[in-house]
Amino acid sequence: MLQGIYEFIKSIFEPLGDYFIGSLVPVGSSFAADIDSLIALIAVFVGFWGLLAYIAFFFLIFRFRRKDGQRAKYVTGEEKDLKRWISWPHAAIIVCDVVIVFMAIMVWYNIKQRLPEADATVRIVAQQWAWNFIHPGPDGVLDTEDDIDTFNELHVQEGTLYHYELVSKDVLHDFSVPVFRLKQDAIPGRVMKGWFKPTITGTYDVQCAEMCGVGHGIMGARIIIETPEEHAAWMSQNKGQLASATTR
Amino acid sequence: MDVAKQGAARVGDDPLNGIEMAEAGSVTVDTHEAHGHEAHHEQSFWSKYVFSTDHKMIAMQYMFTGIVMALIGGYMSYAFRMQLAFPGQSVPGYGVVSQGEYNALVTNHGTIMIFWVAMPMLIAAFGNFLIPLMIGADDMVFPRINRLSYQIFLISAIVLIASFFVPGGGFGGAWTAYPPLSANAQYNLTPLGATFWIVAVALEFVAFLLGGINFITTLMNSRAPGMKMYDIPMVLWMIVIASILFMASVGPLIAGAVMLFMDQVVGTGFFDPNRGGDPILWQHLFWFFGHPEVYVVLLPAMGIVADIICTFARKKLFNYKLILFTVFATGIISFFVWAHHQFVAGIDPRMANVFTVTTLIISIPIAEMLFLYIATLYGGSIQLTTPMLWALAFIAEFLIGGVTGIFLGASGADIYFHDTYFVLAHFHYTFFPIAIIGFYAGITYWFPKMFGRMMNETLGKIHFWGTIIAFNCIFIPLFILGAAGQHRRIYNFQNFPDLAGLQDMRVFATGALIVMLVFQVVFLVNFVVSLIKGKPAGKNPWNANTLEWTTDSPPPHGNWPDGLPNCYRGPYEYSVPGRKEDYWPQNVPPDTAPAE
Amino acid sequence: MAEHEEHAEHGQSHYVRIWGILLVLLAVSILGPILAPHIEEAAAGVGAAFVKGWMITIMTAFGIAIYKAYLVAANFMHLNIEKRYITYLLATMLTLMLLFFAGTSPDIMKHEGQNWENVAAEAEVDRALKSQESDSHGGEHH
Amino acid sequence: MSTRPIATTRSATGIPTGKLAVWWVVGSEIVIFGGLLASYVMHRLGHPEWAEYASHTNPWFGGINTFVLLTSSLSAVLAHYAAEHGDGKKAAKWLVGTCFGGLIFICVKAVEWTIEIQHGYTITANGFWQFYYTAAGLHALHVIAGCVIMLIIANDARKGRELHRVELIGIYWHFVDIVWIFLFPLLYIAK
């Protein structure tokens, strides 16, 4: 049922989310629209309250500007009829907060807590200041002969659900793919797991979003999202070989 | 607090009992004379300006150090913004910004602006200046500890600046200093810079712990006779609550700083995963302090704004008690939200849900506080003087900072916004109102009291509009850049094909920054000119109620040479019906029945 | 202050008495882990097998530490006759540390959680336990 | 000290200013040690292998030091008792006694650490030992600082001046004692 409520609220804000964020960055993964809609929902809620506050603010400044011979009112703010101007918005804000919390947690759960069944797993190894991507190869399994190891180039297939295993060799890094709306820190000594499912094709940025030293500003990679045919072609070209050996 | 008991006690009456007599001793009686006597002495330059124990002089020292550090921080922002707008080109007045230098600049810009500008200017400068004056005391309770606090602070500032000139250059691991990058010279390539940085920060904490103890005890113990809990001006409440928050939250980070220092210097592995340590631990230690720290700097600015709004709207603060409770609530909840800075930084995803809820909860008292401030304007007689403009601008700008925070507190949206320019623009919309607008509001309001002369209103307004408009022009584009996925601390976005096209906006923001920095010259000119030739202010130029306006401007040593004032009513009794004047100073005895 | 006189009556002998109690407690806390195995055996003998050695150690170590701290705070620091809110202040600080522990331990104390695994720490635990085992097989050090 | 401000002599809370400040110092110290010890406990519970490392500490050294600190605390409280009754000379004597306790504590610590370091248990040996040295070292710094301040106060007290400060340093000293009361089982006993 929760999922139903979530889907309903999301569907209301989806076009707006697409307008706010989708117009700047392509919507590239199965959960990107969820995040965009959440952002739109928050924007509408806080925008409403912010606007209201601004209207009240500027109205009061204008209405009660200094006029000769007119004294200010003496009110303590503890009068019932005045206090309700505070307590009603207060209650309404709590309601808004509850909705935001609910939506935020649903999105969070879907992206970070849940780990849906994967079609393939990629290993992402971050180091100062580059990305190594280990693709599972045609057999879809990591740590086999046909793994494809690339450098600063991640090849994925549209419509395939990937798990990632994120590790770091030295310091903190952050695997950030704006088109996926995905971000996860890589922590030395830990394996961070997660998932994504590309829904468009093209070549986009992978960024490192955690300060990682002098070369942090050049630590970008490209993610290449291919159609199944293109992906198969790429795999057969590089099968079993460490592509990184040639590009490195 | 049983202040009521000693409500009517006069100065010199000893409210202490038993053993405590030993402390109060004979000093109470003759202090007046001692002060009067001293005021006539010519003090040497050193004892008057450098090694002074007078709270006003220490406040000035903090303030001017803060201004110098703000100029340094502003210069840094100029250098790295120019690099972003015109990558690789030589920046006039700096030179070519290399990658390492860029990192060091952004790191130290953040560190300086928070620890060496916001804290000394808002808490230490205004706290030192206002607390004794507003509670009707002659000084802080521990003048020498106060002096020590400033001296340690000064050393910490020098150490930080020195970190730029050691081999390897300044520390470039972001102001959050996440290990292993910050712990290991092999990774950060600034072995000495990183150590200087952590030492400077730790020293600064010690300075503010000493200062904080002083503020807290002074407000708790040394209020004028008759000043009850709800008679304390809001700004003092907020400064002291901020000090308490600081004191209660900074401990783990001091422990963390010791551990990080040991990692850097001794070679331990507290945060080194290869040797049984855990880098995530630092993040928790840091943010357990880091989030309350936001409120540590926010609250004093909120307090300054409260006092100014009341004075220039000639209104009583709207529901003083409720505001106070929202402050308490904010303070308490601020300890429960820290991990929202770490949503995607490797904490267990289940914990993120808890921290999302607490983060959204904290928005409620803050929103309520802002509503109450806006409600204070209702029925007022609003005079748009320069301090009032700054105070109102604080509310207007902080509102944006507040509402954009919701995006980041909601875990789902934070996956996308974490560490983008959206975050950056968000916290500049909070910290700029706090540190800069709050400071300008305070300084333009209390300048007459500090230096005995009025500031120039025309120059003040030019400065105000130039700063505010330019400020919005800097950061609104950055919100858009953040929404487009541009992440922080990158020295050249041309390296990222998807981001390279947004260069116009960066150039625009940089241009606005330069305009804003140039407008600060107006302030400095106004400051210096008013200092020399401003109109004499008199005791109470704004017709305000609080006790500091009842003494001379600037207050002499000992603040009230003719005897300390008593307090008879709350601080915001403006426009009381039936009185000729629309203000009613706290120290004026009631003309009819005795107060309360 | 009435309480104050009462405490003055206790006088020096009161402090010495508290000190005596503290020393006894100290002795117990040192002997605790030494005696723990024996107590465990004895308890098993009388049918109280749920009493384990580590329980005794924890109790004698931390239970007594808390009680000792209480004695010192109440009697030597005079918290018992101090204004109430000083106690609240100190209790608040302690509570904050519990809060810090509660918020942080899921990431630090545990080495595995939802979608993450601290492989370095696990490997370290493994390695160290193995080497300790082989050490103790190789010959007792102590 | 004739220039002590009137502010210092006021006491709206009913607690003398100096004492109130010391309580706040203690409060801030609680969170400093609390942060360090909380970090230690987290690691300790997550690393079963640390039990073996901890077994190389010598509880007798720790025990002797606990005894020394407890006794010095007694001496500090007796100094306070004397000061309360206006006997500055006696208070000074007890304070010097307390300092002597602190000195013994540091000496025992020095011997203990020397032995441990000779056995290869240095600060970089492993996780346990780094916490061991850092926590105990931070505590030892507090002991040293306390001793220095105490000597200054004892010197004043001897001349019958600033007697109220005897209680203040006493509170601080007891706090240092309490920290050790917790460090002792954490570092020496729990195995």
Side-chain angles (χ1 to χ4, degrees), chain C residues 8 11-12 15-16 18-19 22-23 26-27 29-30 32-34 54 57-58 60-62 64-66 68-70 72-73 75-78 82-83 85-86 89-90 92-94 96-98 100-101 104-105 107-111 118 121 124-132 135-136 141-142, chain D residues 13-15 19-20 23-24 26-31 33-35 37-39 41-50 52-53 55-56 59-60 62-63 66-67 70-71 73-74 76-78 80-82 84-85 126-127 167 170-171 173-175 177-178 181-182 184-186 188-191:
Chain C
Q12 309 197 15
Y15 297 131
V16 175
I18 296 291
W19 176 69
L22 285 169
L23 292 192
L26 168 65
S29 64
I30 295 179
I34 300 174
W54 61 266
T57 309
I58 293 289
T60 53
F62 295 103
I64 285 183
I66 290 168
K68 274 199 289 194
Y70 164 75
V72 173
N75 295 290
F76 286 0
M77 294 167 103
H78 296 121
E82 189 55 273
K83 287 259 187 286
Y85 52 76
I86 296 296
L89 158 70
L90 302 180
T92 310
M93 296 295 189
L94 284 173
L96 286 178
M97 286 304 98
L98 288 182
F100 174 73
F101 188 89
T104 307
S105 55
D107 298 320
I108 312 298
M109 199 166 86
K110 296 231 171 74
H111 293 161
N118 191 346
E124 169 66 16
V125 172
D126 248 25
R127 185 197 64 75
L129 284 181
K130 280 215 183 80
S131 85
Q132 282 167 17
D135 268 9
S136 61
H141 283 303
H142 43 93
Chain D
T13 56
I15 301 178
K19 205 161 146 194
L20 186 62
W23 282 120
W24 278 103
V26 169
S28 67
E29 294 274 7
I30 287 179
V31 280
F33 279 103
L37 292 184
S39 309
V41 171
M42 273 172 227
H43 277 91
R44 182 68 199 270
L45 293 175
H47 287 267
E49 80 273 19
W50 285 20
E52 203 266 344
Y53 304 148
S55 69
H56 295 293
W60 295 107
T66 316
F67 169 75
L70 286 176
T71 312
S73 254
L74 173 70
V77 81
L78 291 177
H80 168 214
Y81 184 84
E84 219 172 52
H85 290 79
N126 56 45
E167 181 184 11
I171 292 176
W173 192 261
H174 300 314
F175 169 73
D177 187 13
I178 288 179
I181 287 177
F182 283 105
F184 174 58
L186 281 172
Y188 292 90
I189 302 277
K191 282 167 186 165

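By convention in this document, chain letters (A, B, ...) are assigned in the order of the sequence lines, proteins followed by strands, and residues within each chain are numbered from 1. Quick note: numbers below take in every heavy atom, side chains included, and nothing from hydrogens, waters or symmetry partners. Because the structure is predicted, anything quoted here is derived from the model rather than measured.
- Annotation for D:Phe182 and C:Ala69: closest pair CE1-CB, 3.6 Å, computed over non-hydrogen atoms.
- Looking only at side-chain heavy atoms (C-beta outward), C:Ile86 and D:Lys19 stay at 4.5 Å or farther from each other.
- The minimum heavy-atom distance linking D:Ile189 with C:Ile30 is given by the pair CD1-CA, 4.1 Å.
- Using a 4.5 Å cut-off between heavy atoms, D:Phe184 touches chain C through its side chain atoms alone.
- Looking at C:Lys68, the atoms closer than 4.5 Å to chain D (heavy atoms on both sides) sit in the backbone and in the side chain alike.
- In this structure, no portion of C:Ile64 lies under 4.5 Å from any heavy atom of chain D.
- Distance check: D:Leu74 CG to C:Phe76 CZ gives 5.0 Å after rounding to the nearest 0.5 Å.
- Between C:Trp19 and D:Leu70, the closest heavy-atom pair is CD1-O, 3.6 Å.
- D:Phe175 has its side chain out of reach of C:Val72: every pair of non-hydrogen atoms, C-beta onward, lies at least 4.5 Å apart.
- Note: C:Lys130 NZ to D:Glu49 CD = 12.0 Å, rounded to the nearest 0.5 Å.
- If you measure heavy-atom distances from C:Leu26 to chain D, the contacts under 4.5 Å come from the side chain alone.
- Contacts of C:Ala27 with chain D are absent, with no heavy-atom separation under 4.5 Å from either backbone or side chain.
- The aromatic rings of C:His78 and D:His80 stand perpendicular to each other, their planes meeting at an angle above 60°, with 30° marking the opposite boundary.
- C:Ala65 approaches D:Pro185 most closely through the heavy-atom pair CB-CG, 3.8 Å.
- In this structure the side chain of C:Leu129 reaches within 4.5 angstrom of the side chain of D:Pro48, judged on heavy atoms.
- Of all the listed residues (D:Asn126, D:Asp177, D:Thr66), the one sharing the greatest number of non-hydrogen pairs under 4.5 Å with chain C is D:Thr66.
- Comparing D:Val41, D:Thr71, D:Leu37 by how many heavy-atom pairs each has under 4.5 Å with chain C, the most go to D:Thr71.
- For the set C:Thr60, C:Ile58, C:Ile108, the count of heavy-atom pairs under 4.5 angstrom toward chain D peaks at C:Ile108.
- In this structure, CE in C:Met77 is found 4.0 Å from CH2 in D:Trp23, a value given to the nearest 0.5 Å.
- Interface check for chain D: of the options C:Asn118, C:Ile18, C:Thr92, C:Ile66, the most heavy-atom pairs under 4.5 Å are formed by C:Ile66.
- A distance-only check finds no donor-acceptor pair linking the side chain of C:Gln12 to the backbone of D:Tyr81 [under 3.5 Å].
- We find the OG-CZ distance between D:Ser39 and C:Phe100 to be 5.0 Å, quoted to the nearest 0.5 Å.
- Here the straight-line distance linking atom OH of C:Tyr70 with atom CD1 of D:Ile181 works out to 13.5 Å at 0.5 Å rounding.
- Contact between C:Ile34 and D:Trp60 at its shortest, heavy atoms only, is CD1-CZ2, 4.2 Å.
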_Pair D:Ile15-C:Glu82, side-chain contact (heavy atoms from CB on, under 4.5 Å): steps then yes or no_ = CA-CA 8 Å; D:Ile15 301 178; C:Glu82 189 55 273; 3.8 Å; yes
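- Both the backbone and the side chain of C:Leu90 come within contact range of chain D, each with at least one heavy atom under 4.5 Å from a heavy atom of that chain.
- With a 4.5 angstrom heavy-atom cutoff, D:Leu20 touches chain C only via side-chain atoms.
- The two residues C:Lys83 and D:Gly14 make their nearest non-hydrogen contact at CE-CA, 4.1 Å.
- With a 4.5 angstrom heavy-atom cutoff, C:Glu124 touches chain D via backbone and side-chain atoms both.
- The contact between C:Leu89 and chain D is made entirely by side chain atoms (from C-beta outward), counting heavy-atom distances below 4.5 Å.
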